[in-house]
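This report refers to the structure that appears directly beneath it.
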Amino acid sequence: MKRVYLDNAATTKLIPEVMNEMIPYMTEVYGNPSSPHYFGQQSAMGLDKARRRVADAINADPSEIIFMSGGSEADNTAIRGIAERYAKKGRHIITTAVEHHAVLHTCQMLEKQGFEVTYLPVDEYGMVTVDQVREAMRDDTVLVTVMFANNEVGTIMPIPEIGALCHERKVFFHTDAVQAIGHLPIDVKAMNIDMLSMSAHKFHGPKGVGALYLRKGIVLPPLIYGGAQERNRRAGTENVPGIVGMGKAIELACTDLDKKMASMSALRDKLITELPKRIPEIKLNGHPTKRLPNNVNFSIKYIEGESILLMLDLNGIAASSGSACTSGSLDPSHVLLAMGLTHEVAHGSVRMTLCDETTEEDVDYVLEVLPKVAERLRKMSPLYHE
Ligand SMILES: *Cc1c(COP(=O)(O)O)cnc(C)c1O
């Protein structure tokens with residue numbers, strides 16, 4: 001059976017060039033990078049190279065990159081770290097209603113510890129404005145955390161503008177860029193970003209490894225205490241093969257990025273323009289133009305997203321109803337609800353996320369299968385007949 005993987009926002013395929021670079025670090029290069037002997041230093045050199053590659057991808061200095069287990073840990077380290085270290089400065093945090101749970105649940109935990117959190121509402125496209133952030137700012141605001149691009153609907157937030165505002169007001173600015181990095185150009189200096197979270201498995205690297213960019217001069221307590229790894233900012237023997245893979249993956253993702261963005265956007269736009277011609281009463285979720293090059297998200301009215309996914313899977317197409325973390329629960333996506341969708345319409349949503357290996361043939365297959373699936377499910381849907 002033909003298989004088409006369109007769930008790249010949940011995770012991506014580890015590409016062979018990345019794996020090849022990792023293999024020596026799982027076999028002969030096994031020294032502990034903290035050990036001063038030859039074996040250890042071979043591993044340490046692997047870490048150095050990866051750190052430089054990650055830093056180069058976002059115009060940072062290698063000393064500003066802290067490797068850790070992934071995007072969730074980076075979000076936790078940044079937000080909890082600022083809260084703990086700089087609470088004297090203020091106990092007010094600004095974020096948005098559409099963040100990933102790694103940010104939202106962290107903020108909710110801090111509320112229980114006496115912090116005040118403003119969850120900015122979004123418009124119908126899932127967007128916040130810099131004016132909203134400005135109006136929410138108070139004298140005791142210590143941190144603004146706004147995602148670079150949304151993982152469910154692909155909306156790209158006005159990050160450089162928010163960064164400039166935070167810089168002017170001397171408020172720390174963190175962005176969860178897990179979905180953006182490798183898909184959009186990022187320059188932490190030009191964009192005034194103080195902290196940025198990333199995760200290797202979202203850009204064809206291995207799972208269980210990520211990094212936090214932490215601007216020079218900001219000191220955060222570690223989330224994990226122990227040894228002096230990562231300059232005392234994250235204890236525990238480094239995941240050397242994973243980090244090496246992350247370095248290679250980010251370098252590859254950022255090579256010819258403009259070209260990849262253009263070709264992925266073209267396939268995305270084919271789905272976005274063709275599906276509504278073939279399926280009546282469907283609604284595009286997310287911003288029509290300020291959108292990740294690989295994200296398509298539609299609500300197909302009168303039917304359940306879960307049934308659509310099941311039928312797509314039977315036809316070899318892997319899609320998602322929202323974030324992988326909340327699928328399996330029957331609660332509709334907090335992102336779609338924040339955008340003003342009714343529970344019913346939110347329940348009928350399908351997210352398809354492409355990668356640079358997605359072909360026109362794959363897209364055409366979706367254009368053939370999804371309309372048939374929608375028609376069949378609607379025939380069985382009592383809602384449609386009313
Ligand atoms: C996947 C994802 C995360 C979590 O990253 P992990 O490496 O899986 O912990 C955080 N934020 C966003 C926006 C994501 O898409």
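No experiment lies behind these values; they were computed from the predicted model shown. We count ligands from 1, going down the list as the structure has it; atoms in each ligand are counted the same way.
At a heavy-atom cutoff of 4.0 Å, ligand 1 is contacted by no atom of E73, backbone or side chain.
Residues D61 and S63 bring a donor and an acceptor atom of their side chains to less than 3.5 Å of each other. Between the side chains of S72 and D75, no donor N or O sits under 3.5 Å from an acceptor N or O.
Taking a 4.0 Å cut-off on heavy atoms, K207 fails to register as neighbouring ligand 1.
For S69, no nitrogen or oxygen atom sits less than 3.5 Å from a nitrogen or oxygen atom of ligand 1, counting backbone and side chain alike. Considering backbone and side-chain atoms together, A149 places no N or O closer than 3.5 Å to any N or O of ligand 1.
Judged purely by atom type and a 3.5 angstrom limit, T155 has no side-chain atom pairing as donor or acceptor with the backbone of M127.
No option in R351, K270, R268 other than R268 meets the side-chain contact (heavy atoms from CB on, under 4.5 Å) test with V296.
The contact set between ligand 1 and G70, taken as ligand atoms under 4.0 Å from a residue heavy atom, comprises 7 (O). Remark: ligand 1 atoms within the under-4.0 Å shell around heavy atoms of K202 are 1 (C), 2 (C), 3 (C), 14 (C), 15 (O). For ligand 1, the atoms closer than 4.0 angstrom to any heavy atom of S72 are 4 (C), 5 (O), 6 (P), 9 (O).
Listed by first then second residue, pairs satisfying salt bridge (charged side-chain N to carboxylate O under 4.0 Å, His left out) with a partner in residues 182-195 read D194-R215, not counting sequence neighbours. The side chain to side chain donor-acceptor pair (under 3.5 Å) contacts involving residues 8-20 comprise T11-H201, T11-K207, K13-E357, where partners must be two or more places apart or lie in separate chains.
Counting heavy atoms only, D176 comes closest to atom 10 (C) of ligand 1 of the residues V103, T175, D176.
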